[in-house]
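Step one of this worksheet: look at the structure below.
Note that this is a predicted model, so its numbers are computed, not measured. Here is the naming used below: chain letters follow the sequence lines, and residue numbers restart at 1 for every chain.
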Amino acid sequence: MKLLLLLLSRLVAGTKNRGAKSTGFQKSEDALCFALEMHLRGVVFDAVTYTTVLAFCLDHEGFLFGLQLHSLIVKFGLDNEVFVGNALITMYSRWWHLGEARRVFDEMQNKDLVSWNAMLSGYTQEGNYGLEAIRAFIEMVRQGIRLDHVSFTSAISACGHEGNLGVGKQIHGLSLKMGYGNHVSVANVLMSTYSKCDVASDAKLVFDRMHDRNVISWTTMISLSEEDAVSLFCQMRLDGVYPNEVTFIGLLHAISIKKFVKEGRTIHGFCIKTNFVSELNVCNSLVTMYAKFESMQESKKVFEELNYKEIISWNALISGYAQNGLPQVAFHTFFLAIKESKPNQYTFGSVLSAIGAAEDISLKHGQRCHSHIIKYGLDTDPIVCAALLDMYAKRGSISESQRVFDETSERREIAWTAIISAYARHGDYESVMIWFKKMENEGIRPDSITFLSILTGCGRKGMVDMGRQLFDSMVKDYQIEASPEHYSCMVDMLGRAGRLEEAEELVSQIPGGPVLSVLQSLLGACRIHGNVEMGERVANVLLEMEPKESGSYVLMSNLYAEKGDWEKVAKIRKGMREKGVKKEVGFSWVDVDIDGLHGFSSGDQSHPKSKEIFRMAECLGSEMKYLREKKREGQINGNVILYRTEILENLNMGD
DNA sequence: CCGGAACGCC
């Protein structure tokens, strides 16, 4: 109570410049209790006091307090004060009540630039209001409201969220004209916007032209240039700019993606020296980094040294185990995590991908996970739904996948992509086509992954013209850049259909030239159709690109072998020997319940039971041949397994 | 006393 009175006297004294922090409150609860106490003692607030207290309502559970403050403000007729209105707009938009924010804004009689900017930035927050933000900015221009650097920062940021490069460029132009283009926060947001709109070169240009770069400018640049992140970090230090927590998160992320192991350890050391390891978020990034370096021991070590673990830390560890082929550990960690923290969509995304990848985790566990998802109310989350659907598809339960999809209320792109990939994974291209049609009918925009599934489907179904049309439409109408996988798929499709010239032409049109796999697809197609002339042409390019790649030699030698040109076959083999190219040995892994994992390579006789294994393989081979003949003759329709049992009995090999 | 810019767990 003593403290209360002290603070009361300080506030009532009405001294200038008492910022929110200087009132001594740490939490919005305290601030509101204090404010209510003042009110009870008959102290009438002034606008400045309300504004100060409203600022506390932006964090934690402050929204309800804010609502009460709003009614007090109205009661005392202070809602016409511009500062108070501005604070209310900010509060409502932070709590996602954009409608209420707008109502306050519309009812304000005296709006100033800050009111407009507060409304603009409310719409700019990530969400579905990007268009509103752009509209509000245009309205400002139309009404001749004065614009400043904050207006430009928000408006350009909205274009970034919307991916609207056209409007972004126009606002950039306007900012230059009005002399705000070089303002540090405008330039910073321009960089991130250009990078979001896939014009990284323009982002770099903005950065290069800046004269005053602050820590945010450097952090932005580091985060969007993975390859040069480390050298940019060094330049930043030379420039005398001190990094912060966010800088390290971006830097460590780039290092993780690029697997710069040495640099990663150095930066870890730097974080220890500068005590950035006391920042939870930096440590979370370190957990992810070591996981990406495939060193789960170190990842776990960083994790265990945390004195406080939040769900992001757990997620980083779980996905690390999942990505490093330790799904059981991932699954086990998941159960520890949900004991200590409240899981979010990423937690389930990671654990579901682990279950999907693990043949030896019972599907029951997947279902158990599913029930947790429902328990935590995450069953409508698009990320979780897609992961769940994918998990069932990977574990062979396509009907469950379909059910998850049917029950997904908010069917965003990601769910459609997942169900179409699920059918593609199962080789059910009939369904791929059906669901793609449905997706189109619903007006959902297919993405790059969806196109890959559908193009593969067209290839397998021999629907070459349709595939070609879709590919062209993807690039032209949907403006999706064709990836090497898309090109491989197209070349494979055209090649299977014998349209080799068309395939070769497509390859020649690839911007920046084809990658290895695309050319190998083309060479494979040449082999199927016995086109030696084109095959040689393709092989020459391939051997120039990667002289040590054995696959190219093998494909070419197979092509000659099929034509019976044994001389050329021998020449290629000789060439391989001379260049020291070795064919990498392919391994097959067999997991036997009782005695673990066995690896086999072609011609390998090292296994103690190899004699029996080869005998069995031979039997299975002749059995397959027999079955194929029967099937061709139409003698089998349906249950091959039953039929197989019958044959085995006849062959007297019932084991 | 009010408005803006960078990042991580899918």
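The shortest side-chain heavy-atom distance between L174(A) and V141(A) falls under the 4.5 Å cut-off.
Between dC10(B) and S319(A), a contact under 4.0 Å exists linking OP1 or OP2 to a side-chain N or O. Within the structure, every side-chain polar atom (N or O) of R213(A) is placed at least 4.0 Å from both OP1 and OP2 of dA5(B). OP1 or OP2 of dC10(B) sits under 4.0 Å from a side-chain N or O of Q323(A). Checking the phosphate oxygens (OP1, OP2) of dG4(B), a side-chain nitrogen or oxygen of S121(A) falls inside 4.0 Å.
Checking side-chain atoms of W95(A) against main-chain N and O of C57(A) turns up a donor-acceptor pair under 3.5 Å.
For the salt bridge (charged side-chain N to carboxylate O under 4.0 Å, His left out) condition, the pairs that include at least one residue of residues 297-317 of chain A, sequence neighbours left out, are R265(A)-E298(A), K300(A)-E304(A), K301(A)-E305(A). Listed by first and then second residue, the salt bridge (charged side-chain N to carboxylate O under 4.0 Å, His left out) pairs that reach into residues 220-229 of chain A are E227(A)-K258(A), sequence neighbours excluded.
The separation between I73(A) atom CD1 and dC2(B) atom P is 14 Å, rounded to whole Å. Atom CZ of F248(A) and atom P of dC9(B) are 18 Å apart (whole Å). Straight-line distance from the CD1 atom of I255(A) to the P atom of dC7(B): 16 Å, rounded to whole Å. A straight line from OH of Y346(A) to P of dC7(B) spans 13 Å, rounded to a whole angstrom. Look at CD1 on I257(A): it is 13 Å from P on dC7(B), rounded to the nearest Å. Atoms CZ (F276(A)) and P (dC7(B)) sit 17 Å apart, rounded to a whole Å. Between the C1' atom of dC10(B) and the OH atom of Y321(A) lies a distance of 19 Å, rounded to the nearest Å. One atom, CG of L252(A), and another, P of dC7(B), lie 15 Å apart when rounded to the nearest Å.
Within 4.0 Å of T220(A), counting heavy atoms only, lie sugar-phosphate atoms of the nucleic acid but no base atom. E279(A) comes within contact range of no nucleotide atom at all, as no heavy-atom separation falls under 4.0 Å.
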Could you go through residues 194-201 of chain A and list every donor-acceptor pair under 3.5 Å that involves a side-chain atom there, pairing it with any protein atom two or more places apart or in another chain?
unit_1, atom_1, unit_2, atom_2, d
Y194(A), OH, H172(A), ND1, 2.7

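Legend: residues meeting ring pair (Phe, Tyr, Trp, His ring centres under 6.0 Å) with Y376(A), ordered by chain and number and at least two apart, are absent. In this structure, Y346(A) has no ring pair (Phe, Tyr, Trp, His ring centres under 6.0 Å) partners at least two apart in sequence or on a different chain. By the ring pair (Phe, Tyr, Trp, His ring centres under 6.0 Å) test, F260(A) is found to be paired with no residue, residues two or more places apart in sequence or in another chain being considered. Listed by chain and residue number, I318(A), Y321(A), A322(A), A354(A) satisfy the side chain to side chain contact (heavy atoms under 4.5 Å, CB included) test with A330(A) (two or more places apart in sequence, or in another chain). Residues meeting the ring pair (Phe, Tyr, Trp, His ring centres under 6.0 Å) test with F334(A), sequence neighbours left out: F348(A).
Nearest to the side-chain atoms of T90(A) among the listed nucleotides dC1(B), dC9(B), dC2(B) stands dC2(B). Nearest to the side chain of I312(A), among dC9(B), dG3(B), dA6(B), sits dC9(B).
Residues of residues 141-156 of chain A having a heavy atom closer than 4.0 Å to DNA chain B, listed by number: D148(A), H149(A), V150(A), T153(A), S154(A). The stretch residues 180-196 of chain A touches DNA chain B through H183(A), S185(A), N188(A), V189(A), each having a heavy atom within less than 4.0 Å of the strand. Contacts of residues 107-118 of chain A with DNA chain B (heavy atom under 4.0 Å): L113(A), V114(A), N117(A). Non-hydrogen atoms lying under 4.0 Å from DNA chain B are contributed by I383(A), all within residues 374-384 of chain A.
Sparse packing is recorded around NZ of K169(A), with 12 or fewer heavy atoms of other residues, nucleotides or ligands lying under 6.0 Å away.
Only one option out of I311(A), I383(A), V384(A), D381(A) pairs with N344(A) in a side-chain contact (heavy atoms from CB on, under 4.5 Å); it is I311(A).
Aromatic ring pairs are classed by plane angle as parallel below 30°, tilted from 30° to 60° and perpendicular above 60°; the pair H149(A) and H183(A) is parallel.
Side-chain N/O atoms of Y392(A) and H370(A) include a donor and acceptor closer than 3.5 Å. Residues N188(A) and S185(A) have side chains that never bring a donor and an acceptor to within less than 3.5 angstrom of each other.
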